[in-house]
Trainee: 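One structure is given below, represented as structure tokens, and several questions about it will come after.
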Amino acid sequence: MIGLLVAWFEENQRDLPWRRTYDPYHVWISEVMLQQTQVETVLPYYERFLKEFPSLEALAKADEHTVMGLWAGLGYYRRAKHLMAAAREMVEQHGGRVPSDYDSLIALPGVGQYMAGAVLSIAFNKPYPVVDGNVRRVLPRLFGWADENPKALWEAAERLAQSAEPRLVNQALMELGATVCSFRSPRCLVCPLQGECVAYKTGMQDSIPPVKKRPAAVHVRLCSIVQGTDGRYLMKCTDGLWEFPMFAELPAGSFNEVGSCRHTITHHRISVTVYEGSLAQQYGYTWKEFDTVPVSSLTRKIRNCARS
DNA sequence: AATGCGGGGGA
DNA sequence: TCCCCAGCATT
């Protein structure tokens, strides 16, 4: 079974930039960017990031502004903070290298059980399991497990990783989930594990894993004040990202409505009405050149709807 | 065990 | 529109 899976992976894997090397630094950066983020989204960010910070030492010396600028738009900005802190920790406590033992890895900021297993298996070819969104779908289908059971899942993944090439087995499981054993409409007819798959034999592909119920989205209304002269805007920096003034209610001042936009963050649906004008108070905002500061996708949307 | 965290993609 | 995606930290 492992043989079929690995053979399929070696023949069918996508050509991805982080697969051109097993350099632990490259593996680590790619795994952080790929958290809850699809491969296609990550590609341009990964290339730009490694061009700017080709080594762990370079990243450890980087200033927050540059790192956030490269991360801007990718989301989950805490990842970038943890990345900087972890890089410095690796330089100070691990001789400037990504550690190759589980305890050191899991102690780093932003590294959990998945990441530790991914770095150990992919970079160092050690037999540690990975359980990501793909594996949580592939293995339950393969074994016909209709109920969620994280412990059984990690144990099964651990058994599979006990092979000659853990890095190939783990990547193959994830690649299969990403390209064949997809959440909706899995392509069982081209699956290398079709003959072994309990879900396929019993027609359970669509009921494994069970769909998770999520809380309904909360609607939020906000006003944003955009004052632009010569490309300069009133903004402030929060957690390394620059934002326009945002209010629940229109504050004192004189404004013209210039547009509106919508944005979804986790389960919040934000509707923003955008105004131009002048605030009666500055509320700690300062004049910044928009194109020189890191901004989230929401802030970029607001600027764009104000200009059109 | 549940929740917050961005943003984008597919059906 | 709903749900997911190479998760982690906090409560």
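Chain naming here is simple, since letters A, B, ... match the order of the sequence lines and numbering starts at 1 in each.
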Trainee: Taking dC8(C) as the reference, what is the distance to dG8(B) when you measure between their P atoms (whole Å, please)?
Mentor: 22 Å

Trainee: Taking the six-membered ring of Phe244(A) (Phe, Tyr or Trp), confirm whether the NZ or CZ of Arg303(A) is under 6.0 Å from its centre and within 45° of its axis.
Mentor: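 No, Arg303(A) does not lie over the aromatic ring of Phe244(A).
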
Trainee: Under 4.0 Å, heavy atoms only, any strand: does Lys213(A) hit a base, just the sugar-phosphate, or nothing?
Mentor: sugar-phosphate

Trainee: Rounding to a whole Å, what distance do you find between Met33(A):CE and dG8(B):P?
Mentor: 15 Å

Trainee: Rounded to the Å, how far apart are Tyr114(A) OH and dC5(C) P?
Mentor: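 Whole-Å distance recorded here is 12 Å.
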
Trainee: Has His82(A) got a side-chain N or O lying under 4.0 Å from the OP1 or OP2 atom of dC8(C)?
Mentor: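 It does not, given that no N or O in the side chain of His82(A) lies less than 4.0 Å from OP1 or OP2 of dC8(C).
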
Trainee: Kindly point out which of dG7(C), dC3(C), dA6(C) is positioned nearest to the side chain of Arg136(A)?
Mentor: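 Nucleotide nearest to Arg136(A)'s side chain: dG7(C).
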
Trainee: Under 4.0 Å between a Lys/Arg side-chain N and an Asp/Glu carboxylate O for Lys81(A) and Glu64(A)?
Mentor: yes

Trainee: Hey, is the side chain of Arg167(A) pairing donor to acceptor with the base of dA6(C) inside 3.5 Å?
Mentor: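 No, the side chain and the base share no sub-3.5 Å donor-acceptor pair.
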
Trainee: Over how many whole Å does the gap from Ile302(A) atom CD1 to dG7(B) atom P extend?
Mentor: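 Computing the Ile302(A):CD1 to dG7(B):P distance gives 11 Å.
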
Trainee: To the nearest Å, give me how far apart CZ (Arg214(A)) and C1' (dC5(B)) are.
Mentor: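 One finds 13 Å between C1' of dC5(B) and CZ of Arg214(A), rounded.
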
Trainee: Whole-Å distance between dA6(C) C1' and Leu16(A) CG?
Mentor: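 Rounded to the whole Å, the gap is 11 Å.
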
Trainee: Once you round it to whole Å, what is the distance between C1' of dG6(B) and OH of Tyr45(A)?
Mentor: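 For the pair Tyr45(A) OH and dG6(B) C1', the rounded distance is 10 Å.
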
Trainee: For a quick check of understanding: with a heavy-atom distance under 4.0 Å over all strands, which category does Leu74(A) fall into, base, sugar-phosphate or nothing?
Mentor: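 Base, at least one base atom sits under 4.0 Å.
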
Trainee: Taking all non-hydrogen atoms of both residues into account, name the closest pair between Gln35(A) and Thr37(A) and its distance.
Mentor: O-OG1, 2.7 Å

Trainee: Of all the nucleotides listed (dC3(C), dG7(B), dC8(C)), which has the minimum atom distance to the side chain of Tyr77(A)?
Mentor: dG7(B)

Trainee: Using a heavy-atom cut-off of under 4.0 Å over every strand shown, decide if Gly177(A) touches base, sugar-phosphate, or nothing.
Mentor: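 It contacts nothing in the nucleic acid.
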
Trainee: Would you indicate whether Lys61(A), at its atom NZ, is surrounded by more than 12 heavy atoms from other residues, nucleotides or ligands within a distance under 6.0 Å?
Mentor: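 It does not: Lys61(A) NZ has 12 such atoms or fewer within range.
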
Trainee: Examine dT3(B): is either OP1 or OP2 under 4.0 Å from a nitrogen or oxygen in the side chain of His267(A)? Give yes or no.
Mentor: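 False: His267(A) side-chain N/O out of range (4.0 Å or more) of dT3(B) OP1/OP2.
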
Trainee: Grab the CH2-P distance between Trp154(A) and dG7(C) for me, whole Å please.
Mentor: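 About 10 Å, once rounded to whole Å.
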
Trainee: What contact category does Ser296(A) fall into here, base, sugar-phosphate, or nothing, at under 4.0 angstrom with non-hydrogen atoms?
Mentor: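 Sugar-phosphate contact only.
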
Trainee: Do Tyr46(A) and Trp18(A) have their ring centres less than 6.0 Å from each other?
Mentor: yes

Trainee: Is the base of dG6(B) touched by the side chain of Thr37(A) through a donor-acceptor pair closer than 3.5 angstrom?
Mentor: yes

Trainee: Which listed nucleotide (dG7(B), dC5(C), dA6(C)) is nearest to the side chain of Gln36(A)?
Mentor: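 Of all the options, the side chain of Gln36(A) is nearest to dC5(C).
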
Trainee: Please give me the minimum heavy-atom distance between Val98(A) and Phe124(A), naming the atom from each residue.
Mentor: O-CZ, 3.6 Å

Trainee: Which part of the nucleic acid, if any, lies within contact of Pro215(A), taking any heavy atom under 4.0 Å across all strands shown: a base, the sugar-phosphate backbone alone, or nothing?
Mentor: nothing

Trainee: Rounding to an integer number of angstrom, what distance separates dA6(C) and dT3(B) when you compare their P atoms?
Mentor: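 About 24 Å, rounded to a whole number of Å.
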
Trainee: Want to settle it: does Ser185(A) or Thr41(A) sit nearer the 5' end of DNA chain B, counting the closest nucleotide to each?
Mentor: Thr41(A)

Trainee: Identify, between Gly110(A) and Ile122(A), the residue whose nearest nucleotide on DNA chain C lies closer to the 5' end.
Mentor: Ile122(A)

Trainee: Just by distance, do the side chain of Arg79(A) and the backbone of Val32(A) share a donor-acceptor pair under 3.5 Å?
Mentor: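 Judged by distance alone, yes, a pair lies under 3.5 Å.
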
Trainee: Counting side-chain heavy atoms from C-beta on, which of dA11(B), dA6(C), dC8(C) comes nearest to Trp18(A)?
Mentor: dA6(C)

Trainee: Report the nucleotide, chosen from dT1(C), dG7(B), dG7(C), that has the shortest atom-to-atom distance to any side-chain atom of Tyr76(A).
Mentor: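 For Tyr76(A), the side-chain atoms sit closest to dG7(C).
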
Trainee: Is the number of heavy atoms from other residues, nucleotides or ligands under 6.0 Å of Asp147(A) CG greater than 12?
Mentor: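 Count not over threshold, so no.
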
Trainee: With nearest nucleotides of DNA chain C determined for Val111(A) and Glu31(A) from heavy-atom distances, which residue corresponds to the more 5′ nucleotide?
Mentor: Glu31(A)

Trainee: Can you tell me the base-pairing partner of dG6(B)? Count Watson-Crick or G-U wobble geometry only, both distances below 3.5 Å, and say none if there is no partner.
Mentor: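 Paired with dG6(B), as far as the under-3.5 Å criterion goes, is no nucleotide at all.
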
Trainee: Would you indicate what Val135(A) reaches in the nucleic acid, counting non-hydrogen atoms under 4.0 angstrom: base, sugar-phosphate, or nothing?
Mentor: nothing

Trainee: What nucleic acid atoms does Gln113(A) come within less than 4.0 Å of, heavy atoms only: base, sugar-phosphate, or nothing?
Mentor: sugar-phosphate

Trainee: I want to check one thing: is the phosphate of dC5(C), taken as OP1 and OP2, less than 4.0 Å away from some side-chain N or O of Arg137(A)?
Mentor: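 Answer yes for this pair, as a side-chain N or O of Arg137(A) is under 4.0 Å from OP1 or OP2.
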
Trainee: Which of these nucleotides, dC3(C), dC8(C), dA6(C), is closest to any side-chain atom of Asn134(A)?
Mentor: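 The answer is dA6(C), which lies nearest to the side chain.
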
Trainee: Of the nucleotides dC3(C), dA6(C), dG6(B), which one has an atom closest to the side chain of Thr266(A)?
Mentor: dG6(B)

Trainee: Go through dC8(C), dA6(C), dG8(B) for me and flag the one nearest to the Ser297(A) side chain.
Mentor: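 Ranking dC8(C), dA6(C), dG8(B) by closest atom to the Ser297(A) side chain puts dG8(B) first.
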
Trainee: Nearest-Å distance, CZ (Phe183(A)) to P (dC5(C))?
Mentor: 7 Å

